[in-house]
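Note sheet for the following structure.
We name chains A, B, ... by the order of the sequence lines, and we start the count at 1 in each one. Computed over heavy atoms, backbone and side chain alike; hydrogens, waters and symmetry mates excluded.
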There are 4 protein chains.
Amino acid sequence: MAGNSFGKIYNLTTFGESHGEAIGGIIDGCPAGLEVDMEAIDLEMQRRKPGQSAIVTQRKEPDSVTFLSGIFEGKTTGTPIGFVIQNTNQKSKDYSHIKDTYRPSHADYTYDKKYGIRDYRGGGRSSARETACRVVAGALAKQLLGDIKITAYVSAVGDMELTTHYKELDFSEIERNPVRTADSDMAHKMEAYIKEIRKQGDTIGGVITCVVENVPIGLGEPVFDKLHAELGKAMLSINAVKGFEYGSGFDGTRLKGSEHNDIFNADGTTQTNHSGGVQGGISNGQDIYFNVAFKPVATIMQKQETITKEGETTEMQGKGRHDPCVVPRAVPIVEAMAALVLADFWLLNKVSKL
Amino acid sequence: MAGNSFGKIYNLTTFGESHGEAIGGIIDGCPAGLEVDMEAIDLEMQRRKPGQSAIVTQRKEPDSVTFLSGIFEGKTTGTPIGFVIQNTNQKSKDYSHIKDTYRPSHADYTYDKKYGIRDYRGGGRSSARETACRVVAGALAKQLLGDIKITAYVSAVGDMELTTHYKELDFSEIERNPVRTADSDMAHKMEAYIKEIRKQGDTIGGVITCVVENVPIGLGEPVFDKLHAELGKAMLSINAVKGFEYGSGFDGTRLKGSEHNDIFNADGTTQTNHSGGVQGGISNGQDIYFNVAFKPVATIMQKQETITKEGETTEMQGKGRHDPCVVPRAVPIVEAMAALVLADFWLLNKVSKL
Amino acid sequence: MAGNSFGKIYNLTTFGESHGEAIGGIIDGCPAGLEVDMEAIDLEMQRRKPGQSAIVTQRKEPDSVTFLSGIFEGKTTGTPIGFVIQNTNQKSKDYSHIKDTYRPSHADYTYDKKYGIRDYRGGGRSSARETACRVVAGALAKQLLGDIKITAYVSAVGDMELTTHYKELDFSEIERNPVRTADSDMAHKMEAYIKEIRKQGDTIGGVITCVVENVPIGLGEPVFDKLHAELGKAMLSINAVKGFEYGSGFDGTRLKGSEHNDIFNADGTTQTNHSGGVQGGISNGQDIYFNVAFKPVATIMQKQETITKEGETTEMQGKGRHDPCVVPRAVPIVEAMAALVLADFWLLNKVSKL
Amino acid sequence: MAGNSFGKIYNLTTFGESHGEAIGGIIDGCPAGLEVDMEAIDLEMQRRKPGQSAIVTQRKEPDSVTFLSGIFEGKTTGTPIGFVIQNTNQKSKDYSHIKDTYRPSHADYTYDKKYGIRDYRGGGRSSARETACRVVAGALAKQLLGDIKITAYVSAVGDMELTTHYKELDFSEIERNPVRTADSDMAHKMEAYIKEIRKQGDTIGGVITCVVENVPIGLGEPVFDKLHAELGKAMLSINAVKGFEYGSGFDGTRLKGSEHNDIFNADGTTQTNHSGGVQGGISNGQDIYFNVAFKPVATIMQKQETITKEGETTEMQGKGRHDPCVVPRAVPIVEAMAALVLADFWLLNKVSKL
């Protein structure tokens, strides 16, 4: 109800504010008998954590997860998996400047109006720190999904776009560069650009593309819970996301039916894949691919006019260590959310027919 | 679970296949005491129904809704509102050609694979006929929402785009032209283009823009059920939708933070509205606006290669009366889904604080 | 949310007032491929319908169900199964006496206070007529459950109790007598007693016992959704029910652990079954058995003091045709609700482990 | 889905095994702005904790709860409230005897069969230790409920019954005796009896009665989510519970309608309260009262025959420190579950009418 849970069968509920004692969550509905690869989970956490490269926030948060239940002798037991991640980076002194002042394009104002109270330390609940919990649950979901392969990469930073079709990219390049794009030349340009943006005390938006391969046919539930609709919701629930498109997306609106239709091969595969692997809300076995639009981070190192809680005009400037561009660190988050959606539909599909 | 319900408090569950006896639904959770304007509901149904103009499908379906419960002496009683819409246009003879053949870029193949059985008459459950039920529930939700004003219009057909900012458009124009765009010149061009496309036996995609005005502050539930995330899911659940963006959307990814941030006025309103009326997943009182991408209709009046259930290659051609472009009739559906999301969050927000 | 849905995967949502146009519902989540035995559904409806014998209400309602979707060529398709049952017995003239008067121990008063409006014709939504929809969905659930056998019977009418252990009863007797008890001698006594009660213009309570045989091991979800907890909720949601106990029940509270514990046989079965087939909320393969307490019907053919909507004291007397004892007709309802619970957990259990 | 969550709006999800690192939970949907009385929460924990008197288990568990989020400067913020309770009493050496052996009338067997794996230390997830989390959430719910007063007490231990009507009892007596019954004479007898039972190495069942006073009219959602149906489910979800009855309960089945009906006073209150404060599933403002049946604890200090995982017959005897009678410690758990149900319906009722 209150929006802190995701998924029907494979269900994640999270809690925690950025500067409280800890964040964490409960994964309920993970089937029993899954051998848990803790290193793989840790690896995903490393991909998301602050301070990992020169182009992301330089905050130091180890972000190690402690599992409290639901895993016994290395395997899931079918009972809820509780976990916590300590907040080690709280500095309460840092937040006096935002206690009574609303940061532009942040959620300070809306939280205050909705709840009448706000944990003003950092972003509180609205901070992207919460996404660390999604990465934990997503990393486990990936293990559940076995052969289904989820790969996200940065396809645009500002107006620098990697337009190469994903089939022609070398995905092994992604983790070799701090931008997490799939082309080394583009990686250098994007990296330089982000550094330039940071020097200006500014931030820049970007796009992440995600590809899911080896998808079984039949995932997704019509009518309202179409596979791509849940993927869209999952992506739009990530901080800073402004748009989602899959398959031919917005460009596909310019095509004619005769151009857009995916003609079948005899084996049920299709010659093209404008559909993005989904027909009628159900996976058809072709690759699922989609784009996720991220706005520029709202916290900038420049003076901005704003208002106080009491409606007085004031000026403020970002403090501390923030991301000049969120997309490099958002890549594992996009993958995690995709994994949550797919794991859930994979389990749901087990009861579709007798 | 099985995906035929939408909404947490204001909840719609639908049933029905395009060529079964009837479609219908149950609206549960509508508060008691709402005076129901039946004409307003009928009007929305008229906006969606086939045969309403020369550029949509020429099928004749009266699409009148019968309420069976939950309304007494003109008011909602707080009990579930059951309704049915008879299917008067079934022609069972028409469907032999798709009984064993999979139409390209339709859901025939995926339904068959997922369920092992498929009602092959028309699109069955995957037909957009189901959206008539959404329009019923959405029309009622609009009444619940009172002053909140939801307006959708066609902003692109193929590559013909209406680029004028919504603030400068005359919304009263929308219902004056069959395309449902908000500019009469553009309406003529789009209409002519759609007729040309139809002559080719082809179809074309398009974009619908939706604007929500007079939104109270505080709607939307962090973390997973952000207002824009639910709007996104709602739109992506509509047949043929391939993408969703709100506020600055995909274009916003090219901006810097210093350009993108919405600076507050002293009264809490903002000087710009790149945020699209939502901060941290919660409405901030500014207009909500978003774009929805529709692919071209898959059924075309041209010969296409395809396969049979048994994997044999064959040819098929659309029969009957289909939409050359779906967006004119999808305008009320977009509004209906937006109304469902807003009504639900409006009710949910009543328990956000003491 | 608003309480008109039951079940997580196999989900029933119902609508309808006793004297509206129709009642009905949507069964969502029934797996595809189930051959539907329409006669078996009709048979269950016959067991519940008014007028079936001399000891139940003499109202005439044919109660035939029309399926509108989700079944194609005799099989479920995995899409929602919509159905309606027409209300043929409405007599609007009959209800002026309860329009502004609250019947004692009925829901008139609470509905009015909760909703501010009430469909005063018959019981409206609070009428047990709604349970016809449960019987439809339960009859289908029984078919899904295959070998799992659910048998309910009347074990008490007033203080006449059938104390024989269920294992020693001949269940084939149940449908041979109008009381639906499992012993012919007791049936005669109960029948005579109910007739006597009716003559007095009074009503009497009773108890229904239900036994579920051939239950697979593993049904039920700890912690909150224990098998017996859902069964209890299901039964308590039936009109007039005041209590639920399973296995040793209230009598078991008087036993010592050394008397109550069920000792295992080598094959995992148990020598006794005080547990009632459930351990830790999960079925253990032994018979599930439970008792359901029904209060006497509130509508009596005697003058009672009561109050009007405006708080004036008045007198009223039941009119029309009512049940002197509800348990004979409640037997198929108890079975239906048990079937809904079991079908749901049976489906859920398919995702408990890898 | 997997059964570890309770409540629709005021929602609790719990995690944790009895001998894992910690247990805990997330309370989602608690409205913002509630001042949290931490001492009151701690007090409830003290009422439930082991070792509190001579007639309960002598295990020592401090059971102090740590809140990790959702409370800021003493008030709830509307964001999820995460909490943990460390398990300080784990002794891994103690459990070799139950690793491969199924304790009679425990959940070892069913968990193993359902999940294929079981945390055999203590009861694992099936241990009543989990109820500590319910007490935390229930204690907070009580604070939300303000004037609504929930009082539970032991009304039977074995066949020693406190038959005095609750209206004639002095509730202030309850916390003055270790049995938590509401009569000091009976308390002495019950206490002596429990000590005798313990000496025998045996256990005994009992009944808890719960009374809710000052209930607003209108709580509860027809049809399936009737107030008493949710209360019943809530109680039946507590470990060792075998039955639930409210108002006249099972005894009421022996009454005639003319005896059972509650006649209205002019102000809408009733002269009797056989209904137990609920009509048609909705609270009518009268006291809600109900009984909960608890079976004797399954772990006894006597030798019992049982079987191993491999189906071999063996003998076992309870070890360690267990409750000879569960009801004294279950009193705060019953109250907590009642509070969860009432808080949830109280919030839900805010959207029942315009």
Segment of B/Asn291 engaging chain A (4.5 angstrom heavy-atom cut-off): both
Interface residue of largest heavy-atom contact number with chain B, from A/Ser5, A/Pro216, A/Pro324, under 4.5 Å: A/Ser5
Donor-acceptor under 3.5 Å (B/Ser352 side chain, A/Tyr115 main chain): no
Pairs of heavy atoms under 4.5 Å with chain B: top-ranked of A/Val241, A/Ile238, A/Thr270: A/Val241
A/Ser105 backbone acceptor or donor facing B/Ser275 side chain under 3.5 Å: no
Under 4.5 Å from a heavy atom of chain A, the part of B/Met337 involved: side chain
Expected output: side-chain B/His228 to main-chain A/Leu236 donor-acceptor under 3.5 Å: yes
B/Phe264 CZ to A/Tyr102 OH distance, which is reported to the nearest 0.5 Å: 8.0 Å
Closest approach of A/Lys233 to B/Phe224 (non-hydrogen atoms, all atoms of both residues): CE-O, 3.4 Å
Proximal component of B/Leu12, with respect to chain A [non-hydrogen, under 4.5 Å]: both
Whether A/Asp159 side chain and B/Arg254 backbone form a donor-acceptor pair below 3.5 Å: no
Greatest number of heavy atom pairs closer than 4.5 Å to chain B - which of A/Gly232, A/Gly3, A/Gly280: A/Gly3
Contacting region of B/Ile204 [heavy-atom separation from chain A under 4.5 Å]: both
Backbone N/O of B/Ser283 and side chain of A/Thr110: donor-acceptor pair under 3.5 Å: no
Check: B/Ser258/A/Asp202 side-chain N/O donor and acceptor closer than 3.5 Å: yes
Which portion of B/Arg134 sits near chain A, non-hydrogen atoms under 4.5 angstrom: side chain
Greatest number of heavy atom pairs closer than 4.5 Å to chain A - which of B/His274, B/Gln304, B/Glu305, B/Met1: B/Met1
salt_bridge(B/Glu259, A/Lys295) N-O dist < 4.0 Å: no
Flag, side chain of B/Lys114 to backbone of A/Gly218, donor-acceptor distance under 3.5 Å: yes
B/Thr131, part contacting chain A, at a heavy-atom distance under 4.5 Å: neither
Under 4.5 Å from any heavy atom of chain A - which part of B/Thr308: neither
Donor-acceptor pair, side chain of B/Lys353 and main chain of A/Lys113, under 3.5 angstrom: yes
Chain B contacts, top residue of A/Gly311, A/Ala107, A/Ala298, A/Gly281 (heavy-atom pairs, under 4.5 Å): A/Ala298
Max heavy-atom pair count under 4.5 Å with chain B, selected residue of A/Ile263, A/Leu255, A/Thr306, A/Asn284: A/Leu255
Side-chain donor-acceptor contact under 3.5 Å, B/Ser237 with A/Lys226: no
Among A/Phe294, A/Phe250, A/Phe6, A/Tyr109, residue most engaged with chain B (heavy-atom pairs, under 4.5 Å): A/Phe250
B/Lys242/A/Asp251 ion pair, N-O < 4.0 Å: no
